Amino acid sequence: MDNLANILALEIKQEIATRYFSFRKKAETESEEYKKQLDQAKISLQPTLDTIAGELATMKVLLVPDSVVYLDFLTFTRLPQSLGEQGDEGQSTEKKLNHLIFGPIFIKKHKHKKLVFSTYQALETALAKYCEEQNRLVKWHNSLEKEIDHFFRNNDIGSILDFLRQMNSPDGTRSTILDTSPGPGSDKLNRELRIFPPPPVSAELVILPLIPHFKNAKPTLKQLALRAFPGYQAN
């Protein structure tokens with residue numbers, strides 16, 4: 001009986017070790033590749049993020065800074081207010097617009113509306129490029145997180161090894177062997193063996209939403225432009 005129990009315990013331990021370390025290697029390899037691509041995306045997407053910030057700063061000027069109209073635009077697009085104030089591109093664009101638009105040049109209502117439309121289209125294009133890569137990485141991270149969680153929900157390694165340790169104990173009895181409830185060391189062992197997912201995309205990238213397509217947004221933009229124009233013209 002003792003020899004059979006020892007052989008059985010050894011086989012189970014080997015199976016657990018193979019299963020665990022195979023999964024660990026796979027998870028760590030994928031996590032490292034994910035982190036590598038996340039770091040690369042942070043660098044490669046920075047120019048696109050600068051463009052987005054610049055276009056949003058332009059829109060802020062067109063819809064009158066600190067006005068209810070501009071805040072309504074942010075609510076409509078779900079874009080963060082701080083984004084239009086970030087980076088040199090946003091600041092230089094706003095400064096340029098102030099010089100060109102708020103000088104002696106008189107802009108008519110239809111021209112102002114066209115500027116709102118063209119700025120929105122440029123913003124939509126830049127966001128589509130940014131969000132494509134952002135969402136790919138978010139989906140990848142979610143997949144890794146689910147795989148790791150699924151593995152540990154279906155493989156309570158600490159409890160299994162603690163159970164096998166009881167099988168090997170000299171004073172173990174049959175009733176102890178059949179008791180598969182977690183032992184006192186299983187929680188600690190689980191923590192030591194636990195594999196954690198890599199950092200989320202939000203740790204390195206600003207998470208931004210896609211905005212409504214221009215065709216669908218056009219009626220709302222037209223109303224925002226009409227509301228903003230008196231205050232815009234007054235500047």
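Note that the coordinates shown come from a computational prediction; the quantities given were computed from them, not determined experimentally.
- The CD1 atom of I207 sits 5.5 Å away from the OG atom of S202 when rounded to the nearest 0.5 Å.
- The shortest heavy-atom contact between T48 and A126 is CG2-O, 3.3 Å.
- The two residues H112 and A228 come nearest to each other via the heavy atoms CE1-CB, 4.4 Å.
- Remark: E133 pairs with R136 by the salt bridge (charged side-chain N to carboxylate O under 4.0 Å, His left out) rule, at least two apart or across chains.
- The distance from the NZ atom of K114 to the OG1 atom of T119 is 12.5 Å, given to the nearest 0.5 Å.
- Within the model, atoms CG of L226 and CG of L221 stand 11.0 Å from one another, a figure rounded to the nearest 0.5 Å.
- With values rounded to the nearest 0.5 angstrom, K36 atom NZ is found 14.5 Å from S31 atom OG.
- Counting heavy atoms of neighbouring residues, nucleotides and ligands inside a 6.0 Å radius, atom CD of Q40 exceeds 12 of them.
- By the rule that hydrophobic residues join a cluster once side-chain heavy atoms approach within less than 4.5 Å of another member, I43 and V201 end up as members of separate clusters.
- In terms of hydrophobic clustering, with Ile, Leu, Val, Met, Phe, Trp and Tyr side chains grouped at heavy-atom distances under 4.5 Å, F76 and L62 are assigned to a common cluster.
- Y130 and L205 make their closest contact through OH-CB, 3.7 Å (heavy atoms, listed as atom of the first residue, atom of the second, distance).
- Looking at every heavy atom in both residues, P80 comes nearest to L208 through CD-CD2, 3.8 Å.
- A pairwise comparison of heavy atoms in F23 and E147 identifies CZ-O, 3.6 Å as the closest pair.
- A distance-only check finds no donor-acceptor pair linking the side chain of D149 to the backbone of E145 [under 3.5 Å].
- Put simply, CG on L38 and CD on Q134 are 11.0 Å apart, with the number rounded to the nearest 0.5 Å.
- Applying the salt bridge (charged side-chain N to carboxylate O under 4.0 Å, His left out) criterion to E32, with sequence neighbours excluded, gives K35.
- At distances below 3.5 Å, not a single donor-acceptor pair connects side-chain atoms of S143 with backbone N or O atoms of K139.
- Between C131 and L210 the shortest heavy-atom distance is CB-CD2, 3.6 Å.
- Proximity of L127 to T77: side-chain heavy atoms (C-beta onward) are nowhere separated by under 4.5 Å.
- Y34 places a side-chain N or O within donor-acceptor distance of the main-chain N or O of P199, the cut-off being under 3.5 Å.
- Residue V206 is grouped with residue L137 when hydrophobic side chains (ILVMFWY) are merged at heavy-atom distances under 4.5 angstrom, including chains of intermediate members.
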Identify every side-chain donor-acceptor pair in residues 67-75 under 3.5 Å, counting partners at least two apart or on other chains, and give the distances.
from	atom 1	to	atom 2	distance (Å)
S67	OG	L63	O	2.7
S67	OG	V64	O	2.7
S67	OG	V69	N	3.4
S67	OG	Y70	N	3.2
D72	OD2	R227	NH1	3.1
D72	OD2	R227	NH2	2.8
T75	OG1	L71	O	3.0

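- The line from NZ of K26 to CG of L144 is 7.5 Å long, rounded to the nearest 0.5 Å.
- Under the 30°/60° scheme for interplanar angles, the aromatic rings of F117 and F214 are found to stand perpendicular.
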